[in-house]
Amino acid sequence: MIEKIKEDTSLKEIMETHERLEKALRKYGFDTCCAKMESLKDACEKKGLDVEKVLEDLNRVVEEINEEERIIKEIESQFL
């Protein structure tokens, strides 16, 4: 289960959590090469983005991933 993303989570941590989160970051145009150690809050401020909106979007992805993993585990448990 993936934990919710917070303002102080680094871009690197978010990217390494799941490929779908990396894609979501790229959608906002974050520098995922050189600024990986930057916090989400700092990265949003530099781009003039609302950190709360970005957090909401990223955490929606987290919820989707967690739900998919829960369903997979439930299905697997029926066959084991």
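What you see is a predicted model; the values in this text were computed from it and never measured. All values below come from the heavy atoms of this structure, side chains included, with hydrogens, waters and symmetry mates left out. Residues take their numbers from the sequence shown, with the count starting at 1.
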Give, for atom [atom1] of [X] and atom [atom2] of [Y], the distance between the pair rounded to the nearest 0.5 Å.
X: F30; Y: K46; atom1: CZ; atom2: NZ; answer: 11.0 Å
X: E69; Y: K73; atom1: CD; atom2: NZ; answer: 6.0 Å
X: C44; Y: D50; atom1: SG; atom2: CG; answer: 8.0 Å
X: E45; Y: L40; atom1: CD; atom2: CG; answer: 10.0 Å

Residues in side chain to side chain donor-acceptor pair (under 3.5 Å) with [X], at least two apart?
X: Q78; value: none
X: E22; value: R26
X: D57; value: K27, Y28, R60

Where M15 and L25 come nearest, the two heavy atoms and their spacing: CG-CD1, 3.5 Å
Heavy-atom pair with the smallest gap, counting every atom of S39 and E7: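 The pair with the smallest heavy-atom distance is CB-O, 3.7 Å.
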For [X], side-chain contact (heavy atoms from CB on, under 4.5 Å) partners two or more places apart:
X: E3; result: none
X: T9; result: I5, K6, E13, I14
X: R20; result: H18, V61, E64, I65, E68

Carboxylate-amine/guanidinium proximity below 4.0 Å for R70 and E74: yes
Test applied, side chain to side chain contact (heavy atoms under 4.5 Å, CB included); reference residue, L21; option that passes from L11, N59, V62: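 Only one option passes, and that is V62.
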